[in-house]
Each structure stands twice: as structure tokens, then as C-alpha cells.
Amino acid sequence: MTPFVRLIAVFLFAFAIPAAAQFQPQVGQSGKDVIWVPTPDDVVERMLTMAQVTPNDSVWDLGAGDGKIAIMAAKKFGARATGVEYNPDMVKHANANAQAAGIAGVGQGKATIRHGDIFATDFSSATVITLYLLPALNMKLRPTILSMRPGTRVVSHSFSMEDWEADEISTLDGRRAYFWLVPANVIGTWNLELGSQKTEMALEQKFQHVHGTLSLGSIHAGLRDARLRGSAIFFSYVDPTGLRRDFSGRVAGNRMDGTFRDEKGGEGKWSASKK
């Protein structure tokens, strides 16, 4: 072999190895808990739109795969996006995709994919969580998600959270996207004040659905139209004279504050503290 031929052979060999070794994900490939199937771009966009993602959001994609959800969250919606992926080859591939999209990094309008186990990762800083996992994995994550800040937005491709009813379901070409707002925890007895009037309110809760009573002397008046939307709470009751009052407010830990309005146009402020 002449020196020139030998040089060409070495050159080709050097470039053939990385080309042959370059990782390319395959639809249906096995992962830690699921097989990899990418979410179609139009479904990704609808998921992020349902969550009303803005540049002020921190979006965490749990089970990030090729990074497409985090990348769109950063590139199109301007969010700070983080993906968590268990397969280290997929992590490198996803970060290369983010680099190619011009948004790799940490910060507003940037996306990074971390190597990690979603069940051992602290994602409590998220304002938006995106999922494309199996139902059993959604249910395993559910207690952690429900313990997050009220108002945290959660979107899942294809799979629900069983008896935690979705606040919205969108369908695109037969594919479903589910949306939830993490509700505040209001279970218990509350001391309610309406100006100089003081009474007790007892609340029961199943996710965003609320039931309860208000003490009006010997009467325990049932609450009407009671519901939670993140940290926002709404309810009504009818007093002993037959006058209905509609309440809206915000829950902040063991306190609530808001305004009310009755059917005759009367209005005022109210507050409550948990006993």
C-alpha cells in the first residue's frame, strides 16, 4: 500500500467510526418504563397552548425522549424548558436537537435535557408539566404533582389521571391531550368572616370539586356551585331570608380572601382562616 493510499484509508476509517456510532432513536425502542413514540408536532403545540405557556413559565417535560416538547416550549413559546430523560443516548440526541434549533442552554427561551429518573427528580419549580407516559406512570406521579403549588398546569398526551377529572380534553386526529390545574387543598373547617358577621364553613374536596356547608345558626346551609381552579375558589349559599350570595376568592395556605355579591347588588369582602 502506497503512503497516499494508506493516508486515504486512515482518513476514511477515522470518519467512518463516528458516523457508524452515531445514535439514531427508533420508534418503539425500549426505555426504562415505556417504549419511545414521539408526540406529533401539532399535538405538542396544542398541549403547550392548552397550558397557556408564556416566557414567564418553567416547563418540565417528564420523559423527554428526543426533546421536541422542551424545544418547542422554548423556541415557540419562549419558556425556560427542562426535559428529564433516562436514556443517556437520548439525552445527547435531544440536546443536539436543541443545539440545532438554536435554543440549547438554561434560561428564558432555552431548553436543556437532563439525564435522570423522573421519579427521583425534583421538578417542584415547574409552572407547567408535560407528560407522554403510560397510565400507571401518571398515577405514580400523581401524588407528587398534587402536592405542588396550586395553579401548576399539567398536560398529558393520550393518558388521563383516572378519577382526577381533566379540566380540558382536546382531540387532534384522534389523539387526546388532557389538561389539569393543580387545586389548592381546602379540606377542613374554616372560620369565615363577612364584615362583622362570623360563621363556620366545613369543606370536603375531591381534587377540584368541593362540597360543604355554612353554619347559619341552627342551619347548615349547603354550598352551591363550589369549585376550585388552582388557588381560586368559588361558592354560593342561600341565607335564611332566601338571598343568594356568590363568593370568589384565593386560597393561600391556611387563609382565603375574596369578594362576594348578592342577588340584590350588595357586595363586600370576605376572609377565612383554617381552624
Side-chain angles (χ1 to χ4, degrees), residues 31-34 36 39 44 47-48 50-75 77-99 103-157 159-162 164 166-167 177-187 207-208 228 230-231 251-254:
K32 175 178 176 289
D33 298 299
V34 295
W36 178 66
T39 300
V44 173
M47 289 170 68
L48 296 171
M50 290 167 77
Q52 297 179 282
V53 173
T54 75
N56 295 322
D57 280 311
S58 174
V59 177
W60 282 68
D61 183 32
L62 305 183
D66 62 0
K68 68 160 49 184
I69 294 179
I71 290 169
M72 186 179 289
K75 191 174 181 70
F77 294 81
R80 301 179 304 280
T82 305
V84 182
E85 171 57 44
Y86 190 78
N87 183 329
D89 291 326
M90 281 293 253
V91 172
K92 293 176 184 176
H93 177 73
N95 281 318
N97 288 343
Q99 188 74 43
I103 46 83
V106 178
Q108 195 174 68
K110 300 290 185 181
T112 187
I113 311 302
R114 298 182 181 180
H115 176 229
D117 184 336
I118 59 175
F119 299 107
T121 297
D122 179 7
F123 49 86
S124 58
S125 63
T127 58
V128 176
I129 294 170
T130 58
L131 308 166
Y132 186 16
L133 303 170
L134 294 175
L137 303 182
N138 280 3
M139 292 302 291
K140 188 174 178 180
L141 283 169
R142 193 174 81 171
T144 301
I145 292 172
L146 284 167
S147 71
M148 294 179 69
R149 181 185 62 82
T152 300
R153 288 152 279 161
V154 184
V155 195
S156 172
H157 175 201
F159 300 112
S160 70
M161 296 270 193
E162 294 189 3
W164 182 11
D167 294 300
Y178 297 84
F179 170 77
W180 299 264
L181 277 173
V182 172
N185 183 352
V186 297
I187 296 173
F207 308 114
Q208 69 269 49
L228 284 160
S231 62
V251 183
N254 291 328

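These numbers come from a predicted model, not from an experiment. One is the number of the first residue; the rest follow in order along the sequence.
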Problem set entry | Distance-minimising heavy-atom pair for Arg153 and Leu181 | CG-CD2, 3.5 Å
Exercise. Can you name the nearest heavy-atom pair linking Ala70 to Ala111, along with the distance?
Worked result: O-CB, 3.7 Å
Exercise. What distance do Ile113 atom CD1 and Ile71 atom CD1 have between them, rounded to the nearest 0.5 Å?
Worked result: 6.0 Å
For this session: Check whether any side-chain heavy atom of Val251 sits under 4.5 Å from a side-chain heavy atom of Pro150, and report yes or no.
Result: no
For this session: May I ask you to test the Gln52-Phe179 pair for a side-chain heavy-atom distance under 4.5 Å?
Result: no
Exercise. Is the closest side-chain heavy-atom distance between Met161 and Val154 below 4.5 Å?
Worked result: yes
Problem set entry | Spatial distance of atom CD (Gln99) from atom OG1 (Thr112) [nearest 0.5 Å] | 10.5 Å
Problem set entry | Donor-acceptor pair, side chain of Gln208 and main chain of Leu228, under 3.5 angstrom | no
For this session: Applying side chain to side chain contact (heavy atoms under 4.5 Å, CB included) between Trp60 and each of Thr152, Thr130, Thr121, report the one that passes.
Result: Thr121
For this session: For residues Val53 and Ala79, report the shortest heavy-atom separation together with the two atoms involved.
Result: CG1-CB, 3.7 Å
Problem set entry | Interatomic distance, Leu137 atom CG to Leu62 atom CG [nearest 0.5 angstrom] | 11.0 Å
Exercise. Would you call Asn56 and Gln108 a side-chain contact if the rule is heavy atoms closer than 4.5 Å?
Worked result: yes
Seminar exercise, completed: Heavy-atom nearest pair, Trp180 first then Asp167, reads CA-OD2, 3.4 Å
Exercise. Has the side chain of Asp57 got a donor or acceptor atom that lies under 3.5 Å from a matching backbone atom of Val59?
Worked result: no
Exercise. Salt bridge (Lys or Arg N to Asp or Glu O under 4.0 Å): which pairs involve residues 61-73, sequence neighbours left out?
Worked result: Asp41-Lys68
Exercise. Can you check whether Val182 reaches Ile129 side chain to side chain, under 4.5 Å on heavy atoms?
Worked result: no
Exercise. If you round to the nearest 0.5 Å, how far is CZ of Phe159 from CG of Leu134?
Worked result: 5.5 Å
Exercise. Heavy atoms, side chains only, cut-off 4.5 Å: are Trp164 and Ile145 in contact?
Worked result: yes
Seminar exercise, completed: d(Leu141 CG, Leu131 CG) to nearest 0.5 Å is 6.5 Å
Problem set entry | Thr144 side chain reached by Phe119 side chain, heavy atoms, under 4.5 Å | no
Exercise. Looking at side-chain heavy atoms only, is the closest gap between Asp89 and His93 below 4.5 Å?
Worked result: no
For this session: Heavy atoms only: give me the nearest Ala74-Ile103 pair and the separation to one decimal.
Result: CB-CD1, 4.3 Å
Seminar exercise, completed: What one should report as the nearest heavy-atom pair of Val155 and Ala51 is CG2-CB, 3.7 Å
Seminar exercise, completed: Distance col, row Glu85:CD vs Asp117:CG, nearest 0.5 angstrom, shows 10.5 Å
Exercise. Checking His157 side chain against Ala177 main chain: does a donor-acceptor pair fall under 3.5 Å?
Worked result: no
Problem set entry | side-chain contact (heavy atoms from CB on, under 4.5 Å) between Arg142 and Phe207, worked out | CA-CA 11 Å; Arg142 193 174 81 171; Phe207 308 114; 3.8 Å; yes
